[in-house]
Amino acid sequence: MDVGNILVWAIWVGAAIFCLGSAVAVVSFANPFFSALALIANLASLAVLYLLLSAEFVAAAQVLVYAGAVVVMFLFVIAYLGGEADAPWAGGPTWQAVAASVAAGALLLEVVMVIVLAAGDRLTDPADIRGAFGSPGEVGRLFLTDHLLAFEITAVVLLVAAVGGVILGAHSRRAEQDEVALGEPR
Amino acid sequence: MLGPDVAWYLGIAAALFATGTLGVLVRRSPLIVLLSLELMLNGANLALIGFARQFGDMGGQVFALTVMAVAASEVVVGLGLIVAMSRRRVELDVDRMNRLRG
Amino acid sequence: MTTTLLILLPLAGALLVWLVPWSRFWAGSIALLVALVEVGIWVNVLRTFDFGGELQHDQRFVWFSDLNVTYHVGLYGFSLWLVGLTVVVMAAAIAYAFWAGRDRARAYFGLMLFLTGAVVGVFAAQDLIVFYAAFEAMLIPLYVLVGVWGGPNRRAATLKFVIYTIAGSLLMLAAIVVYGVEQGTFNLVDAGTSASPWLFLGFLVAFAVKAPLFPLHGWLPDAYRQAPPEVAAVLSGLVSKAAVYGLIRIVLAKFPEPAQDFLVPVLVLAAAGLVYGSLVAFRAPDLRGVVAYSSLGQMSLITMGVFALNGAGLNGAILHSLAHGLVSTTLFLLAGAIERRTSTGEFALLGGMARGRPALATLLLATGVIALAVPGSASFAGEFLILSGVFDHGWAWSAIGAGAIVLAAMYMLRLISGVLHERPGSAVPDAALDLRPGELAVLVPLVACLLALSAWPAAVTDRSFTGAATEVVRDFAEFPR
Amino acid sequence: MAVGAWICLLAPLAGALLITLAGTRISRRAAGLVSTLSVAVAFGGALTAFFALLGRGAEKRAESTTAWTWLSAGEFQAGLTLLVDPLSVLMALIVSGVGTLIVAYSIGYMHGAVEERRYFAYMALFVFSMLLLVLGGNFLLLLAGWGLVALSSYLLIGFEHERPSAVAAAKKAFVMNAFGDAAFALALFVLIFRTGTLDFGGAFAALDDMSSTAVNLVALGLLAGAVAKSAQIPLHTWLPDAMEGPTPVSALIHAATMVTAGVYLIVRAHPVFEAAPAISGLAAGLGAVTLLAAGLIALVQTDIKRVIAYSTMSQIGYMFLAAGIGAYASAMFHLMTHAFFKALLFLAAGIVIHALVGQQDMRQMGGLGRYMPMTRIAFWIGALALAAIPPFSGFFSKDSILASALAEGGYGVALLVAGLVGTFLTAVYTFRMLFLVFGGEPSPFVREHYHAHGGKEGPFSMTAPVATLGVLAVIGGWIQVAGLWHPLSDFLDPITIVDREHLSLMEPTLTQDLVVAAISLALSLAGIALAWLLWSARRARVPEAAAARRTLEQRLYFDWLYDRVFYAPAVAVANAWRRYVEDPVIGGSIDGIAGGARGLGGRVGQAQTGLLRTYALAIALGAALLTLVFLSAR
Amino acid sequence: MRTPDLDWLALSPTLWLLGASCVALLAAVFLPRGTRRAGGAVVCGAGFAGALALAAILYVDADAARTVVADTFARDRFAALAALIVCGTGLLTVLLAWNERLGRGEFGGEFFSLLAAAGAGMVFIVGANDLMTIFLGLEWFSISLYVLCAVGGDRLPSLEASLKYLVVGSFGSAVLLFGFALVYGATGELELTAIGQALGEGEAMGLAGLAFVLAGFAFKASAAPFHMWTPDVYEGAPTSVTAFMSAATKTVALAVALRVLVTAFPEQTELWTAAAAALAVASLAIGNLAALVQRGVKRMLAYSSVSHAGFMLIGVVAASELGGRALLYYLIPYSAMSVGAFAVVAARERELGREVTIDDLRGMLWERPLLGVSMWTFMIGFAGLPLTGGFIGKFYVFSAAHEAGWTWLVIVGVAATAVSLYYYLRVVLALWTTPELRVAPVGGSPPREAALQTAVAACLAVTVGSFFAVQPLIDLAQRAADQLPF
């Protein structure tokens with residue numbers, strides 16, 4: 001086991017702990033604002049893992065697009081709404097919480113089991129990869145050849161979402177105006 | 001490949017997915033529910049990228065990229081809805097949204 | 001072609017009545033006209049029918065080919081008689097409704113015509129899917145006719161009736177699917193026989209509910225009590241006979257072995273229903289209750305005839321189907337006439353209606369005594385054949401059947417006396433009129449049909465299972481010897 | 001000959017239909033005339049056939065004529081067939097002849113009653129039914145007529161349908177007859193099953209191929225039918241109640257014709273009974289028992305018509321006795337004479353009742369002879385005939401029966417003893433009635449209520465038939481004297497000839513005849529004397545014997561027994577089924593299932609909390625479960 | 001660089017609808033205020049009509065199935081027929097939505113734009129042939145539908161429904177996605193046929209993926225127990241959107257599920273048929289039982305749609321050409337009945353200005369004979385009674401199930417039908433019953449809507465017509481289903 005390997009292991013362990021810890025934080029914080037911040041941390045740690053998996057472009061996109069844009073949008077909204085806190089684990093375990101834990105635990109166990117079953121078999125020996133693997137150029141090439149349709153449709157989905165967002169936003173504006181017009185106290 | 005096998009990454013992916021699931025199932029704030037959904041998608045993404053590395057096939061990475069876009073789209077619509085509801089002074093608690101039931 | 005015409009003409013009439021905004025009078029007139037034309041067509045078919053020949057007036061084309069489903073209709077001797085019963089009973093029911101006047105006449109008469117087409121479809125069907133379609137299509141108008149124009153408890157009664165009967169026929173659908181897929185065709189003429197007891201039971205249960213057979217008659221009393229009289233007439237007189245056709249055309253023809261295997265259980269149920277229905281009829285507190293439960297008894301008897309599995313039983317079943325159809329139609333229409341005059345059917349409130357109302361008394365009496373199968377009547381002829389047929393399987397069946405004749409006498413006489421005799425009941429106003437010409441015009445022909453049938457029952461029994469029809473029930477066409 | 005038979009059959013039917021359809025368009029009197037005329041035409045038809053038969057040899061005296069096949073199933077065919085042979089013609093003559101007289105009598109008797117037209121239509125219908133019964137050429141038609149006479153009997157007993165007792169009696173009569181019909185039908189099922197035919201000839205010819213059990217069953221069924229129709233023990237309780245009907249109805253149906261149909265049936269089906277000697281013996285035994293029981297009960301009856309009714313039962317008992325021992329001609333002979341004198345008695349009683357405004361209780365009567373001498377004569381003739389005093393008709397016929405019983409020997413002797421005791425009883429109750437009604441001083445009731453019909457005892461339409469019957473009751477017996485001459489037996493030969501060699505003896509010797517005649521005459525006279533002592537001269541007191549009297553007044557508890565054993569349980573079972581099975585189980589099961597389904601639906605609805613967390617949870621759990629199953633199924 | 005072979009005809013219905021969506025969006029912005037809605041509707045209608053025509057051409061042309069655009073899209077009749085059904089549904093929905101009260105009416109243009117977009121997504125996904133395009137197509141139409149649900153903006157239930165749909169839908173998508181990831185992990189392939197070839201029978205990861213995928217599709221098809229969003233969303237969404245969802249989403253979900261299962265999981269047929277059978281039974285039981293106690297018509301119809309998912313899954317269970325045929329045939333009358341029934345509800349809703357309960361339908365037959373008779377027919381069709389295509393549909397799926405050896409499913413289906421009669425017939429009877437107390441419509445009786453009535457009449461024609469014209473429809477379905485690799 002060479003140094004590089006140990007280093008990578010170390011990075012992996014750190015990223016993994018950070019990733020899982022932040023994930024738990026996301027679902028545990030009472031205040032959505034902190035949750036969103038935790039998600040940023042989570043996404044960042046994921047980006048590290050992506051890098052370890054030779055997915056440079058995806059890692060970059062993760063940081064720029066996801067953490068930089070999506071979560072920031074979250075933060076804006078939370079700030080705008082003044083996110084109300086709720087205590088997730090307060091009031092003792094409800095049957096819903098118990099069942100949820102069971103479900104999540106079962107899913108985790110099953111997937112882990114599947115992975116373990118495959119781990120000794122097909123997941124031991126990763127393919128050799130060329131240098132271009134995970135590079136923006138390669139991603140771009142795929143988007144224009146093999147996955148052209150996916151690429152185009154991603155654009156369409158974003159467009160639809162944008163239109164939807166606009167409509168919903170307009171909605172809420174109108175609703176607010178109506179209420180102001182009606183003179184109701186805010 | 002340096003570092004742990006892909007299987008270890010997949011373990012993280014599964015844990016992320018499960019954590020996200022738990023978040024969706026127990027949290028009452030719709031914002032945190034949305035965040036938990038992001039966790040789930042990211043778990044899937046990590047799995048996709050891990051497999052992509054395993055097979056040396058970039059398809060998984062491309063998939064992950066599109067998933068990001070999709071996640072963003074969902075967030076846009078979701079946040080739009082939440083804002084619209086809060087403007088109508090609906091308490092932001094998914095447990096209060098039970099007018100429709102039965 | 002003529003068969004198709006018999007099916008389509010009333011359907012077309014129904015559309016005509018529904019779509020054009022006729023007045024109440026014209027809607028009724030058109031419906032009646034169509035019904036009478038049906039009778040005319042049928043008479044013409046009867047005149048030219050070759051009873052020794054093949055399946056007649058049949059028409060066949062492919063409906064959908066991959067499962068070999070065909071539109072195939074045609075008439076055997078016994079179907080012809082059942083179709084005849086249909087056109088006559090429906091004409092009477094429509095005429096009565098026309099006379100009595102029903103709200104929302106267009107809808108009403110359209111439904112009645114639709115019903116006519118569906119019932120003819122059942123009796124002419126030579127394909128399982130056509131049969132099933134018509135069998136169910138029959139229920140839709142009935143459901144509405146009872147549910148909208150019925151008595152005060154009509155909603156519960158109709159839901160019960162329709163759900164019960166459709167639940168039964170859904171089992172048949174399952175059986176049809178399995179049978180048809182296994183046979184590779186759904187055409188009754190092409191399909192062979194099957195030895196599967198489960199399929200047999202699927203069909204049997206459907207028909208047992210429809211007939212009804214004890215203990216599957218839970219829908220019967222309410223439906224018969226709540227329906228408008230002419231609809232109750234159609235229900236008990238006509239719709240129940242769909243079960244008879246089904247039993248003969250499908251159960252016996254296609255499942256000869258299970259029919260023999262299940263002979264005893266079926267006969268036990270039929271005998272139980274016969275005794276049970278007759279006894280309950282004997283204590284029923286109202287006019288319609290008696291007729292309803294007597295229908296249970298009589299249908300059980302007919303089932304007995306079918307499951308006599310021989311020529312006598314089958315012929316008797318058809319003959320008794322006709323007789324019972326006419327009898328119970330007439331009785332329900334009479335019940336309607338009585339209820340119009342007294343607003344009740346309770347025996348406790350009725351009585352003494354014979355005095356000064358000779359037409360009512362005569363018709364009720366005549367129908368009543370035919371209903372109790374007085375020897376010499378058409379019902380007697382039918383019962384006689386049925387019981388002589390079922391004697392094949394042991395004297396006890398015939399003995400029970402004969403005993404039920406005594407019970408029939410008891411409840412029918414109770415009905416007759418309860419309405420006609422002794423002191424006038426508290427609900428019978430002195431001013432209650434005798435039957436009006438309109439009612440007579442409906443009832444007298446029905447009774448005349450009954451008398452004609454009584455004078456010559458062999459007209460039916462000589463012409464039911466001859467020619468190709470013998471092939472249909474070839475395992476059971478023998479007279480017991 | 002066939003034409004005569006058809007006219008005979010159809011004329012009354014036409015009359016009935018005509019009256020029914022004409023409704024109020026014809027007058028009441030016209031209805032009566034139409035009815036009488038139609039029955040008279042039937043008599044004419046029967047006469048035609050009769051004379052046609054007379055000219056033929058014994059072997060050619062049966063002719064059948066088929067209009068169309070009435071009922072069929074495959075090979076089995078039963079035609080609408082009339083059989084014209086001496087037996088049926090004799091019966092047709094009696095039915096239509098006596099019928100004509102009685103319907104004519106009714107014109108006077110029913111005058112002023114409500115719904116007279118209906119009455120005459122029913123009467124014509126009855127005659128038609130009875131003629132169908134006797135002329136029918138196969139068992140099925142016989143059964144059809146059998147049922148139709150029960151129907152007309154029902155209609156006529158319940159003619160005064162506003163009287164609950166009349167309605168109840170009518171129903172009772174019909175239902176008990178239905179028992180008989182059912183038994184009859186069962187016998188026919190056996191016949192069909194074994195022989196495939198119901199034609200008399202065909203069925204009888206096939207008897208040899210049948211097992212003795214089957215034959216016995218057939219005979220038993222037929223006997224049960226006959227017993228019900230002829231009001232023999234144990235199916236006799238309807239007949240006394242049937243006296244609720246108008247008196248002419250009692251005369252025609254419940255005395256002269258319908259109730260004797262059982263005898264006709266046995267005679268008609270004699271090959272069956274000959275092949276089943278045990279059942280024949282049973283028939284004879286039942287006849288003997290009935291004639292004794294009815295005679296005893298008649299002793300204590302107070303209703304004039306009921307006395308005659310019990311006497312009818314008793315006399316039919318004689319006929320059964322005769323038929324049971326194979327003395328068919330004697331049975332038919334007695335049937336004929338009985339029709340005459342019993343109709344006479346009923347009609348005379350009818351005149352009495354008519355004159356007393358419907359009063360039937362003999363205790364209220366007395367001394368009527370003073371007011372109604374002619375009626376008294378008629379009654380005397382009838383009574384003497386009934387009591388078998390020569391030269392009245394009853395003597396000859398009853399004597400031939402008793403002589404045949406003696407000739408039978410063994411079992412026959414026992415029957416003979418019963419018959420002789422019966423003779424005594426007959427004389428007693430007959431003359432008890434006669435003395436109570438006509439003897440002595442007029443009772444207060446009679447003085448108060450008697451009203452003469454325009455100075456006469458009755459209208460011509462009533463008196464003329466009574467007179468005619470009176471003559472017949474006197475001379476009707478002379479056509480046959482047992483052991484001396486027997487034109488009736490000869491005429492009936494084709495019926496009785498078939499198996500003559502099988503019969504032990506059906507024609508008694510002159511010696512036997514004379515012996516029996518002497519004994520029975522003595523007993524009759526003794527009976528008359530006793531009656532005279534007790535009820536006319538009142539020299540002796542009627543013995544108290546309270547228990548016996550009550551037993552007799554309760555009609556040997558048959559009604560009570562049937563009520564407890566049959567009717568009450570049936571009602572109880574029916575009520576119980578209605579209450580505990582029909583409503584809760586059969587009807588309730590549907591509601592229960594529906595309610596259960598709705599309840600389940602409500603539970604499903606509760607799971608639908610409206611909380612999206614629940615929904616997501618369902619998805620998660622579902623996915624986890626699916627995965628688990630897939631992985632474990634691997 | 002290898003350029004993928006773009007088959008324009010195969011993509012044309014999608015593109016045409018997408019174009020219509022954009023034009024409608026532009027119309028919503030640039031047309032004068034008063035005409036935006038009408039303009040949007042016309043454009044959207046033209047979009048669906050054009051796509052319908054193009055799909056028909058594609059159907060005729062695609063006599064041999066092949067994949068295009070680098071194997072990411074299937075050019076076959078199966079996709080074309082499903083697209084035809086979706087487009088027909090869309091066209092009817094446009095008519096139905098013509099007068100839909102959306103918010104204060106200011107979003108007409110956008111509404112129709114989104115409707116066209118959703119339609120485009122659906123038309124696309126039925127042809128999608130790899131995991132990525134399937135996932136994207138799914139999100140495409142789902143996101144459109146989330147927004148469409150919310151458009152009835154002044155109604156809180158709409159927002160609630162929309163948020164529920166969004167959250168639960170995204171959750172379902174995430175599950176599906178994770179399943180896709182596992183399948184990808186098991187094979188290293190994204191294309192369906194390749195997956196089918198690469199995936200070994202007992203491969204644990206593949207099986208787990210299959211389970212997740214099944215759950216995801218069952219969610220979209222609203223099969224129990226993944227159905228729970230259905231009643232709430234159906235009730236809360238604007239009725240025209242509900243109509244579209246109930247018919248089109250189900251069509252798409254089942255068609256795609258069938259394609260994925262048959263193409264990608266041929267080795268696991270035994271497992272997924274059993275699972276589908278379980279889902280079918282659960283759907284039949286839960287859908288029917290819950291529908292029994294509903295008062296609101298939309299909610300009742302939602303549960304009925306759950307139960308119909310069960311019936312159609314029986315066709316999937318058969319996993320045979322006959323089963324595919326049965327499914328495709330069933331979808332035709334089902335879509336018509338579903339859209340038609342919701343259209344009638346919409347008509348009543350617009351009269352009353354509130355949610356429609358079953359009692360509110362009283363007397364409809366007399367007041368609105370066309371709508372009344374149609375609703376009557378739809379209910380009878382849902383119940384699977386003859387003279388409607390619903391009967392033939394059930395008959396076909398049952399036949400397919402029996403042929404494939406699933407006879408007990410036939411019994412279950414039959415029993416479920418019996419239960420369903422209770423609530424369908426309640427509606428039928430209500431239609432005939434004259435109301436004791438006539439509820440005065442808010443602001444007087446609104447004008448009769450020609451567009452809506454046309455839609456209803458068309459649905460009626462399809463419902464009844466599909467009973468009589470079985471052969472041509474079955475031929476269509478047969479040629480389509482035969483192109484799947486059963």
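By convention in this document, chain letters (A, B, ...) are assigned in the order of the sequence lines, proteins followed by strands, and residues within each chain are numbered from 1. This one's a predicted model, so the numbers in the text were calculated from it and none came from an experiment.
For D:Trp146, no part lies under 4.5 angstrom from a heavy atom of chain C. When heavy atoms are compared at a cutoff of 4.5 Å, D:Phe566 does not approach chain C at all. Looking at C:Ser377, only its backbone comes within 4.5 Å of chain D, counting heavy atoms on both sides. With a threshold of 4.5 angstrom between heavy atoms, D:Gln77 approaches chain C through side-chain atoms but not through N, CA, C or O. Only the side chain of D:Tyr154 comes within less than 4.5 Å of a heavy atom of chain C; its backbone N, CA, C and O stay farther away. Looking at D:Val581, both its backbone and its side chain come within 4.5 Å of chain C, counting heavy atoms on both sides. C:Leu407 does not touch chain D: none of its heavy atoms, backbone or side chain, sits under 4.5 Å away. Looking at D:Asp181, the atoms closer than 4.5 Å to chain C (heavy atoms on both sides) all sit in the side chain, from C-beta outward. When heavy atoms are compared at a cutoff of 4.5 Å, C:Pro358 does not approach chain D at all. Of the atoms belonging to C:Phe384, heavy atoms from both backbone and side chain fall under 4.5 Å from chain D. For chain C, the nearby part of D:Glu115 is the side chain; its heavy atoms alone come within less than 4.5 Å. In this structure, chain D has heavy atoms under 4.5 Å from both the backbone and the side chain of C:Val275. Residue D:Thr20 touches chain C through its side chain alone, counting heavy-atom pairs closer than 4.5 Å. Only the side chain of D:Leu155 comes within contact range of chain C, with heavy atoms under 4.5 Å apart. Only the side chain of C:Thr362 comes within contact range of chain D, judged by heavy atoms closer than 4.5 Å. Looking at D:Leu198, only its side chain comes within 4.5 Å of chain C, counting heavy atoms on both sides. In this structure, the portions of C:Val406 lying under 4.5 Å from any heavy atom of chain D include both its backbone and its side chain.
Ranked by heavy-atom pairs under 4.5 Å with chain C, the first of D:Leu141, D:Val573, D:Leu140 is D:Leu140. Of the residues considered (C:Asp462, C:Leu372, C:Val280), C:Asp462 shows the highest number of contacts with chain D, using heavy-atom pairs under 4.5 Å. Each of C:Ala373, C:Ala354, C:Pro375, C:Ser278 has some count of heavy-atom pairs under 4.5 Å with chain D, and the biggest count is that of C:Pro375. Of the listed residues (C:Ala404, C:Gly403, C:Ser464, C:Ala402), the greatest number of heavy-atom pairs within a distance under 4.5 Å of chain D belongs to C:Ala402. Between chain D and the options C:Arg355, C:Arg423, C:Met410, the largest number of non-hydrogen pairs under 4.5 Å is found for C:Arg355. Comparing D:Leu217, D:Leu186, D:Asn177, D:Thr24 by heavy-atom pairs within less than 4.5 Å of chain C, the highest count is held by D:Leu186. When each of D:Leu148, D:Asp591, D:Asn575 is scored by its heavy-atom pairs under 4.5 Å with chain C, the top score falls to D:Asn575. Per-residue heavy-atom pair counts under 4.5 Å with chain D were compared for C:Ala361, C:Ala167, C:Ala399, and the maximum is reached by C:Ala399. Note on C:Thr466, C:Ile405, C:Val460, C:Leu385: by heavy-atom pairs under 4.5 Å with chain D, the leading option is C:Leu385.
Atom CG in D:Leu188 sits 11.5 Å away from atom CG in C:Leu387 (nearest 0.5 Å). Separation of atoms NZ (D:Lys172) and CG (C:Leu413) is listed at 14.5 Å; rounding is to 0.5 Å. Residue D:Arg578 holds its CZ atom at 12.0 Å from CG of C:Leu279, rounded to the nearest 0.5 Å. In this structure, CH2 in C:Trp456 is found 11.5 Å from CG in D:Leu80, a value given to the nearest 0.5 Å. In this structure, D:Phe189 CZ and C:Asp392 CG are separated by 12.5 Å, a value rounded to the nearest 0.5 Å.
Counted within 6.0 Å of CG on C:Asp430, heavy atoms from surrounding residues, nucleotides or ligands total 12 or fewer; the atom is thus considered open. Within 6.0 Å of CH2 in C:Trp395 there are 12 or fewer heavy atoms belonging to other residues, nucleotides or ligands.
Counting all heavy atoms, side chain and backbone alike, D:Trp70 lies closest to C:Ser454 at NE1-O, 2.8 Å. Taking every heavy atom of both residues into account, C:Ser417 and D:Val167 meet most closely at OG-CG1, 3.3 Å. What you find for C:Asn315 and D:Ser72 is that their closest heavy atoms are CB-O, 4.4 Å. Minimum heavy-atom separation, D:Ala178 to C:Ala409: CB-CB, 4.2 Å. Smallest separation of non-hydrogen atoms from D:Ala574 and C:Arg283: CB-CG, 3.1 Å. The nearest pair of heavy atoms linking C:Ser388 to D:Ile192 is CB-CD1, 3.9 Å.
Between C:His421 and D:His161, the ring-plane angle classifies as parallel under the 30° and 60° cut-offs.
The interface of residues 156-166 of chain C with chain D, defined by heavy-atom distances below 4.5 Å, comprises C:Lys160, C:Tyr164. Contact annotation for residues 216-225 of chain C against chain D (heavy-atom separation below 4.5 Å, listed by residue number): C:His217, C:Gly218, C:Trp219, C:Pro221.
Ring centroids of D:Trp577 and C:Tyr276 are separated by less than 6.0 Å, placing the two rings close together.
Taking 4.5 Å as the limit, every side-chain heavy atom of D:Glu162 sits out of range of all side-chain heavy atoms of C:Glu422.
Between the side chain of D:Trp68 and the backbone N or O of C:Ala459 there is no donor-acceptor pair closer than 3.5 Å.
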